[in-house]
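All chains are named by letter (A, B, ...) in the order of the sequence lines, taking the proteins before the strands, and each is independently numbered beginning at 1.
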Amino acid sequence: MAGKSSIMWFRKGLRLHDNPALLDACKDAAHVYPVVGVNRYSFLLESLRDLDASLRARGSRLLVLRGTPEQVLPRVAAEWGATRLCLEADTEPYARARDAAVRQSLEAAGVEVAASISHTLYDTEMLVARNGGRPPLTMQARPRGAGGQGPAGSFTKLVDKVGDPPPPAPDPPAALPPPAEGMPSADPAVTGVPTLAEVGFTEEPTTPFKGGETEALARLEASFADPKWVAGFQKPETDPSAFDRPATTVLSPYLKFGCLSPRLFHSRLLAVYRAQKKHSEPPVSLRGQLLWREFFYTVGAHTPNFNRMAGNPVCRQIDWDANEEFLAAWREARTGFPWIDAIMTQLREWGWMHHLARHSVACFLTRGDLYVSWERGMEVFEELLIDQDHYLNAANWMWLSASAFFSQYFRVYSPISFGKKYDPEGRFIRRFLPVLKDMPAKYIYEPWTAPLEVQRKAGCLVGKDYPRPIVDHAVASKACIARMAAAYRAGSAAATAATGEGADGAAGPSGSSPAPKAKGRGGKAKEAVASAAGKAAKAVAGAAGAAGKKAAGTAAGSKRQRTLKESLGLQGGKEAAS
DNA sequence: ACTAGGTTGCCGGC
DNA sequence: GCCGGCAACCTAGT
């Protein structure tokens, strides 16, 4: 009797390969109902269409349910006589709350809920337990002596200790138990995969990347066609300006939606590493990239308020500016720095940029130039990236803003030199900012330095066709470093002040207190931050003044205020970016 | 208490 | 090509 009908609820994990939850749903079931809720991305909708096609090839189909999960799932379970709901576990805060509600309403109705872990390589709970109850906060910390079996360590060390992740699950049967005939809620007319228009979008997507498991596997094969490249991959050496053929795999959106299983990817990598004599190692290797994902999922899933500064125990508290003008210029690709604006345009058009390109724009927005909070940048990425992934997005923004994981805030990316190093001709800029397509290479990273007649000849007048830079990088980056130093000092002072209070361990997983105290920065944190803010202001003025004297030729003044005013006069240049 | 090392900076001086 | 400056960072391990 039990197990006659199951519901397979697809959320992430939009694939048939390595799908333990789907296998679970098929076990002893005469009827399996593969269902999903509606979301808003075209990449997602393509993934759903592909999943539906794959299910149809096996005698089934996808049923897209409209409604709130905790309401609609019990209703169809009753209608279909389903006794089990099978799903892939999801540790994101939103998913946890949703799944708790669904579990409650289904179990009240006598429907069993069975979760499988297949979105990450490992069960992150297990990893944390094996690390002594706390997630590691470093990816790699080379042990100095012979690698002992110490209690806590870096993430790579932890993974070495735990061993290889489980292999991918076997493929599902060639014929899947189909939904029963004649069920009203399984009517194709009401459960078809929606179109973009139906979800409320009027514009056509501009991303060149197509969603779906089929595409994901094809892309995986394309990368693995060159085993030497796979074995020799070193992330920091890949070219962020490559766009005809991106320098990395672009598998991130497929991993995000689960069109590609990380375990399948990982097992393929191990096979190549076994076959090739030499291969690169984490953290820079291709396998290292999967471990970064795993690392951030592990820390993120076990840290309260991970995607915020306040109340986030791993995040440094920094006095970011709420500068709407700067934020808007950055978001709308009109900072006046072609390298930055081209990347932000690629983000809007493609929904994807190279990892190091993300570094450039994230550093620029936060600790490098504009001193705007990483949370604002994270929100923009969240809206525009096709590979937007809750934990990875938050973690990388904290990294780049030197708020967590990384603290060498004086290592600032130059919005001019960094791109030039890879692409001296400015091909990337010409592709994404056509207004600059005829600017000579000599000036393309700094068009404001081009003589007026050169600008005229290139058909691009700076200040009219393309914005002037909103900051003087030499001035702004020095000021930012000074403010970061002050914020760090304030943090350490607050931490010292807070140690007197003792009580709860800093990174305790149950640190549910909403008070903004990071790394044990306790009650007196506010005072310390406030007093340091005064020092910071002085430091900014001092550093900016000194740098301003050095930067003789430029018109940008010694005060941030002045550059802000200049930026206000640049609105006319907006269309230049489009 | 102290030290080594940390996926991926940049500039100027030698 | 290798330093030090930026400003004295963090975590893990001894």
Practice task
Quick one: list whatever passes salt bridge (charged side-chain N to carboxylate O under 4.0 Å, His left out) with A:R411, sequence neighbours left out.
Solution key: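 A:R411 satisfies salt bridge (charged side-chain N to carboxylate O under 4.0 Å, His left out) with no other residue.
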
(message) Taking salt bridge (charged side-chain N to carboxylate O under 4.0 Å, His left out) as the definition, give me every residue that meets it alongside A:E92, ordered by chain and number, with sequence neighbours left out.
(response)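 Only A:K12 meet the salt bridge (charged side-chain N to carboxylate O under 4.0 Å, His left out) criterion with A:E92.
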
Applying salt bridge (charged side-chain N to carboxylate O under 4.0 Å, His left out), which residue pairs with at least one partner in residues 388-406 of chain A are found, sequence neighbours left out?
->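 Non-adjacent pairs meeting salt bridge (charged side-chain N to carboxylate O under 4.0 Å, His left out): zero.
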
Side chain to side chain donor-acceptor pair (under 3.5 Å) pairs touching residues 247-261 of chain A, sequence neighbours excluded, are A:D18-A:S261, A:S252-A:D387

Can you run down the side chain to side chain donor-acceptor pair (under 3.5 Å) pairs that involve residues 224-244 of chain A, sequence neighbours left out, and say none if there aren't any?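 For residues 224-244 of chain A: A:K235-A:Q289, A:T238-A:H354, A:D239-A:S241, A:D244-A:R427.
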
Stems with DNA chain C, 3 or more Watson-Crick or G-U pairs in a row (under 3.5 Å), are B:1-6 with C:9-14, B:9-14 with C:1-6

What integer number of Å spans the [atom1] atoms of [N] and [M]?
N      : M     : atom1 : value
B:dG12 : C:dA7 : P     : 16 Å
B:dA4  : C:dG4 : P     : 15 Å
B:dG6  : C:dA8 : C1'   : 16 Å
C:dG13 : B:dT7 : P     : 13 Å

Apply the ring-ring contact (aromatic ring centres under 6.0 Å, His included) test between A:W292 and each candidate in A:F405, A:Y297, A:Y391, A:W399; give the one that qualifies.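 With A:W292 as partner, ring-ring contact (aromatic ring centres under 6.0 Å, His included) holds for just one option, A:W399.
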
Applying side chain to side chain donor-acceptor pair (under 3.5 Å) to A:R376 and not counting sequence neighbours gives A:E379

- prompt: Among all residues two or more places apart in sequence or in another chain, which pass the side chain to side chain donor-acceptor pair (under 3.5 Å) test with A:W330?
  reply: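 Testing A:W330 for side chain to side chain donor-acceptor pair (under 3.5 Å), a comparison that skips the adjacent residues, returns none.
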
Nearest whole Å is fine: how far is [N] [atom2] from [X] [atom1]?
X      : N      : atom1 : atom2 : value
A:Y422 : B:dT8  : OH    : P     : 12 Å
A:D472 : B:dC10 : CG    : P     : 17 Å
A:K157 : B:dG6  : NZ    : C1'   : 15 Å
A:W399 : C:dC10 : CH2   : P     : 15 Å
A:R358 : B:dG9  : CZ    : P     : 18 Å
A:Q408 : B:dA4  : CD    : C1'   : 12 Å
A:F405 : C:dT11 : CZ    : P     : 11 Å
A:M139 : B:dT7  : CE    : C1'   : 8 Å

Set out, line by line, the N/O atom pairs under 3.5 Å between protein and nucleotides 11-14 of chain B.
{"from": "B:dC11", "atom 1": "OP1", "to": "A:S417", "atom 2": "OG", "distance (Å)": "2.7"}
{"from": "B:dC11", "atom 1": "OP2", "to": "A:S417", "atom 2": "OG", "distance (Å)": "3.4"}

**Report entry** Donor-acceptor pair between A:S477 and A:D369 side chains, under 3.5 angstrom
**Finding:**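 Not at all, the side chains of A:S477 and A:D369 share no donor-acceptor pair under 3.5 Å.
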
Selection from [options] that lies nearest to any side-chain heavy atom of [X]:
X      : options               : value
A:A485 : C:dA7, B:dC10, C:dG13 : C:dA7
A:R316 : B:dT7, C:dC10, B:dT8  : C:dC10
A:S407 : C:dA8, B:dC10, C:dC9  : C:dC9

All N/O donor-acceptor pairs, side-chain side in residues 267-279 of chain A, below 3.5 Å, sequence neighbours left out:
{"from": "A:S267", "atom 1": "OG", "to": "A:R263", "atom 2": "O", "distance (Å)": "3.3"}
{"from": "A:S267", "atom 1": "OG", "to": "A:L264", "atom 2": "O", "distance (Å)": "2.9"}
{"from": "A:R268", "atom 1": "NH1", "to": "A:E221", "atom 2": "OE2", "distance (Å)": "2.8"}
{"from": "A:R268", "atom 1": "NH2", "to": "A:E221", "atom 2": "OE1", "distance (Å)": "3.3"}
{"from": "A:Y273", "atom 1": "OH", "to": "A:R287", "atom 2": "N", "distance (Å)": "3.2"}

task: Report yes if a side-chain nitrogen or oxygen of A:K421 is closer than 4.0 Å to either non-bridging phosphate oxygen (OP1 or OP2) of B:dG9; otherwise report no.
output: no

Using ring-ring contact (aromatic ring centres under 6.0 Å, His included), reason through A:F43 and A:F257 one step at a time and then give a plain yes or no.
CA-CA 9 Å; A:F43 193 95; A:F257 285 107; 5.4 Å; yes

Under a 4.0 Å heavy-atom cutoff, the residues of residues 228-236 of chain A touching DNA chain B are A:K235, A:P236

| message | Between A:F428 and A:W339, is the ring-ring contact (aromatic ring centres under 6.0 Å, His included) condition met? List the steps. | response | CA-CA 8 Å; A:F428 179 80; A:W339 172 247; 5.4 Å; yes

Is A:Y409 stacked on the base of C:dC9, meaning ring centres closer than 5.5 Å and planes within 30 degrees of each other?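 According to the criterion (under 5.5 Å, under 30°), no, A:Y409 does not stack.
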
Quiz item: Is A:R348 paired with A:E383 through a side-chain N to carboxylate O contact shorter than 4.0 Å?
Solution: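 No, no charged N to carboxylate O under 4.0 Å.
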
Exercise for the section: Using side-chain hydrogen bond (donor to acceptor under 3.5 Å, both in side chains) as the criterion, point out the one residue from A:D321, A:D319, A:N323 that pairs with A:Y371. Expected result: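 Filter result, single survivor: A:D319.
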
Practice problem: Flag yes if more than 12 heavy atoms outside A:K442 fall under 6.0 Å of its NZ atom; otherwise flag no. | Solution: no

Could you write out each protein N or O paired with an N or O of nucleotides 4-6 of chain C at a distance under 3.5 Å?
none

At 4.0 Å (heavy atoms only), tell me whether A:F406 reaches a base, stays on the sugar-phosphate, or touches nothing. nothing

